[in-house]
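Data first, discussion second: the structure below is written as structure tokens.
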Amino acid sequence: MKGHRALALALLFGFGALETVFLTASLTKFIHGGYLTLGLTLVIFLIMVVWFFGNRRRLRYNQANEQISLLDYRNQLIQLSHDDHLPVFATNLVYLAKVDHQHRVKRSILYSILDKRPKRAKVYWFITINETNRPYDCNYSIDMLGTRNIVEVQLNLGFRKSQHINLYLRQIVTNLIADHSIDPQYSRYGITQPRQVGDFKFVVQNQQIMDLASNPTMGQFDRLLIGGRVLLQNITPSPAIWYGLAFSDVLEETIPLFTKPATDATLTNLTVHHARTPQRNSRQP
């Protein structure tokens with residue numbers, strides 16, 4: 001054990017001395033343009049740090065309050081799908097969502113469907129795209145959650161496969177209709193008749209950094225990291241372009257970072273003036 005330690009120290013000091021000599025010789029190039037390479041390296045390193053740790057800090061704040069189970073809202077989605085008092089928003093409403101093994105999704109997705117202006121659809125799709133290490137993988141698994149109108153898709157694509165989601169989704173819908181897992185989606189109009197697959201509406205959600213200040217429990221450093229992560233995310237190509245949805249029906253929504261309202265314990269009510277109490281119905285005893 002001691003011999004191995006001595007050998008390790010000898011290698012450490014030997015290579016350390018060589019690297020020190022090399023660094024000293026290279027420092028003379030710094031004033032002759034080497035600072036550009038160093039500056040570019042530092043910028044790339046800063047982007048990687050903000051992207052990685054900003055996402056981790058965001059997940060820390062989101063994990064407890066922003067991840068909810070589809071199973072808890074299954075009945076509401078079924079009722080909304082069959083609610084004849086609301087117009088049909090789309091036959092197939094598609095969300096590109098990261099669904100985990102416990103069927104949990106971001107609160108903002110169900111907030112978009114149920115809370116803002118309820119979006120009635122025949123079938124709700126929650127698609128998770130997994131990139132595999134094998135270059136030409138192309139397979140999927142389905143979980144219907146015990147329903148006929150809520151579909152959770154795990155789509156596994158190799159790193160050399162096209163990620164044009166609409167190409168795969170139409171084929172998945174056709175297979176599910178053939179297996180009688182979902183109902184046919186007949187359309188009275190169209191240049192191709194008879195047609196069993198209806199229309200698709202893709203919803204892409206974009207986050208903004210303006211509501212970071214509304215969370216009083218968040219530290220300044222966390223605000224900086226999360227804000228930088230969201231800013232980098234917003235200047236990259238949008239999911240609509242990345243997943244080949246440029247010619248599809250896409251709705252881009254701007255959502256808050258945290259859909260659960262924050263509270264401020266320091267807010268106090270001083271008084272309420274000229275309030276009117278509700279009148280009791282004279283017919284009731």
Side-chain angles (χ1 to χ4, degrees), residues 37 40-60 62-63 66-67 69-70 92-106 108-109 112 123-145 150-179 181-182 197 200-207 225-226 228-253 255 257:
T37 304
L40 183 60
T41 303
L42 291 176
V43 169
I44 295 175
F45 177 74
L46 181 62
I47 290 175
M48 294 173 63
V49 168
V50 171
W51 186 272
F52 179 76
F53 288 101
N55 191 56
R56 289 190 63 178
R57 301 305 295 174
R58 182 173 62 175
L59 289 177
R60 177 183 176 273
N62 286 356
Q63 194 67 33
E66 300 295 319
Q67 297 286 332
S69 175
L70 286 172
N92 298 283
L93 188 59
V94 184
Y95 284 84
L96 302 179
K98 196 72 175 179
V99 186
D100 62 16
H101 64 281
Q102 296 179 339
H103 311 289
R104 294 183 304 179
V105 297
K106 289 183 179 179
S108 61
I109 292 177
S112 169
V123 184
Y124 295 98
W125 298 83
F126 303 94
I127 301 180
T128 302
I129 302 168
N130 304 307
E131 186 175 287
T132 67
N133 295 325
R134 291 181 290 272
Y136 295 105
D137 272 356
C138 188
N139 55 73
Y140 66 93
S141 59
I142 298 290
D143 194 330
M144 299 294 300
L145 303 182
I150 304 175
V151 188
E152 179 186 315
V153 182
Q154 294 288 334
L155 181 59
N156 305 308
L157 299 174
F159 58 86
R160 299 194 65 178
K161 289 292 293 184
S162 169
Q163 294 195 347
H164 287 193
I165 304 304
N166 51 355
L167 172 66
Y168 306 114
L169 184 56
R170 186 168 294 275
Q171 188 172 346
I172 292 172
V173 175
T174 303
N175 293 340
L176 289 179
I177 292 175
D179 294 340
S181 297
I182 62 176
V197 180
F200 293 87
K201 185 85 168 182
F202 296 87
V203 180
V204 175
Q205 296 185 330
N206 299 315
Q207 292 179 324
L225 283 176
I226 297 173
R229 173 63 166 81
V230 174
L231 180 62
L232 290 173
Q233 181 177 310
N234 288 341
I235 64 177
T236 56
S238 68
I241 297 176
W242 183 262
Y243 293 116
L245 304 177
F247 300 103
S248 301
D249 190 2
V250 179
L251 172 65
E252 294 199 17
E253 291 184 334
I255 59 171
L257 278 171

Do [X] and [Y] come close enough that some side-chain heavy atom pair is under 4.5 Å?
X: Tyr243; Y: Leu96; answer: yes
X: Asp137; Y: Phe159; answer: no
X: Leu70; Y: Phe126; answer: yes

- Query: Do Arg229 and Arg57 pass the side chain to side chain contact (heavy atoms under 4.5 Å, CB included) test, and can you show the C-alpha distance, the side-chain angles, and the key distance before you say yes or no?
  - Reply: CA-CA 10 Å; Arg229 173 63 166 81; Arg57 301 305 295 174; over 6 Å; no
First locate atom [atom1] of [X], then atom [atom2] of [Y], and finally report the distance between them rounded to the nearest 0.5 Å.
X: Ser69; Y: His103; atom1: OG; atom2: NE2; result: 7.0 Å
X: Ile129; Y: Leu155; atom1: CD1; atom2: CG; result: 6.0 Å
X: Leu245; Y: His164; atom1: CG; atom2: NE2; result: 8.5 Å
X: Ile182; Y: Asn92; atom1: CD1; atom2: CG; result: 6.5 Å
X: Leu251; Y: Ser112; atom1: CG; atom2: OG; result: 7.0 Å
X: Ile172; Y: Ile142; atom1: CD1; atom2: CD1; result: 5.5 Å

Shortest non-hydrogen separation from [X] to [Y] and the atoms involved:
X: Val203; Y: Glu253; result: CG1-OE1, 3.8 Å
X: Leu157; Y: Ser162; result: CD1-O, 3.7 Å
X: Ser248; Y: Asn166; result: OG-ND2, 3.3 Å
X: Ala97; Y: Ile109; result: CB-CD1, 3.2 Å
X: Gly158; Y: Glu131; result: C-CG, 4.5 Å
X: Thr128; Y: Val99; result: OG1-N, 2.9 Å

Take a 6.0 Å sphere around [atom1] of [X] and say whether it holds more than 12 heavy atoms from other residues, nucleotides or ligands.
X: Gln171; atom1: CD; result: no
X: Asp179; atom1: CG; result: yes
X: Trp51; atom1: CH2; result: yes

- With distance as the sole criterion, is a donor-acceptor pair present between the side chains of Tyr140 and Asn130 under 3.5 Å? no
- Please check if any side-chain donor atom of Gln154 sits under 3.5 Å from a side-chain acceptor atom of Ser141, or the reverse. no
- Message: Checking Ile241 now: which residues fulfil side chain to side chain contact (heavy atoms under 4.5 Å, CB included) with it, not counting sequence neighbours?
- Response: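 Partners of Ile241 under the side chain to side chain contact (heavy atoms under 4.5 Å, CB included) test: Ser238.
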- Query: Would Ile150 and Trp125 satisfy side chain to side chain contact (heavy atoms under 4.5 Å, CB included), going step by step from the backbone distance to the final call?
  - Reply: CA-CA 6 Å; Ile150 304 175; Trp125 298 83; over 6 Å; no
- Query: Taking it one step at a time, do Gln163 and Tyr168 satisfy side chain to side chain contact (heavy atoms under 4.5 Å, CB included)?
  - Reply: CA-CA 9 Å; Gln163 294 195 347; Tyr168 306 114; 5.8 Å; no
- Can Val105 and Asp100 be said to form a side chain to side chain contact (heavy atoms under 4.5 Å, CB included), step by step? CA-CA 7 Å; Val105 297; Asp100 62 16; over 6 Å; no
